[in-house]
Amino acid sequence: MLAINRLLEVTEKPRSKRQNPNYTKITADIEKEVANKTRAICALTDVSLSDAVNEALKLWIEKKKSDEKFEI
């Protein structure tokens with residue numbers, strides 16, 4: 001029983017990012033086709049929409065920084 005409880009602790013995802021001060025909520029208008037494909041991929045890969053968008057934005061920021069020499 002102790003091993004099962006420990007496994008649950010290790011594999012358990014946080015319940016909500018809303019309470020985490022390192023996160024903020026944003027809103028964006030996305031093309032329907034992009035939104036539908038994103039939701040489908042998230043469902044198939046067990047990735048939250050928030051995590052997928054966060055990862056995509058991080059990649060976009062890094063690309064912009066290297067392409068246009070932003071200092072952010």
Student: I'd like to check the salt bridge (charged side-chain N to carboxylate O under 4.0 Å, His left out) partners of Asp67; sequence neighbours left out, ordered by chain and number.
Tutor: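 Per chain and number, Asp67 pairs via salt bridge (charged side-chain N to carboxylate O under 4.0 Å, His left out) with Lys63.
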
Student: So do the side chains of Lys25 and Lys17 get within less than 4.5 Å of each other, counting heavy atoms only?
Tutor: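 No - every pair of side-chain heavy atoms lies 4.5 Å or more apart.
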
Student: Is it the case that over 12 heavy atoms from other parts of the model lie below 6.0 angstrom from the CG atom of Asp29?
Tutor: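 Not buried by this count: 12 neighbours or fewer within 6.0 Å.
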
Student: Please give the remaining members of the hydrophobic cluster of Val34, linking ILVMFWY side chains under 4.5 Å, ordered by chain and number.
Tutor: Ile30

Student: Residues in salt bridge (charged side-chain N to carboxylate O under 4.0 Å, His left out) with Lys58, at least two apart?
Tutor: none

Student: Checking one residue: Val53. Which other hydrophobic residues are in its cluster under the side-chain 4.5 Å linking rule?
Tutor: Ile26, Leu49, Leu57

Student: Taking all heavy atoms of Ser48 and all of Cys42, pick out the closest pair and write down the distance.
Tutor: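 That closest heavy-atom pairing would be O-SG, 3.9 Å.
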
Student: What pairs with Glu33 under salt bridge (charged side-chain N to carboxylate O under 4.0 Å, His left out), at least two apart in sequence or on another chain?
Tutor: Lys37

Student: List the residues meeting side chain to side chain contact (heavy atoms under 4.5 Å, CB included) with Ile41, not counting sequence neighbours, and say none if there are none.
Tutor: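 Applying side chain to side chain contact (heavy atoms under 4.5 Å, CB included) to Ile41 gives Thr45.
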
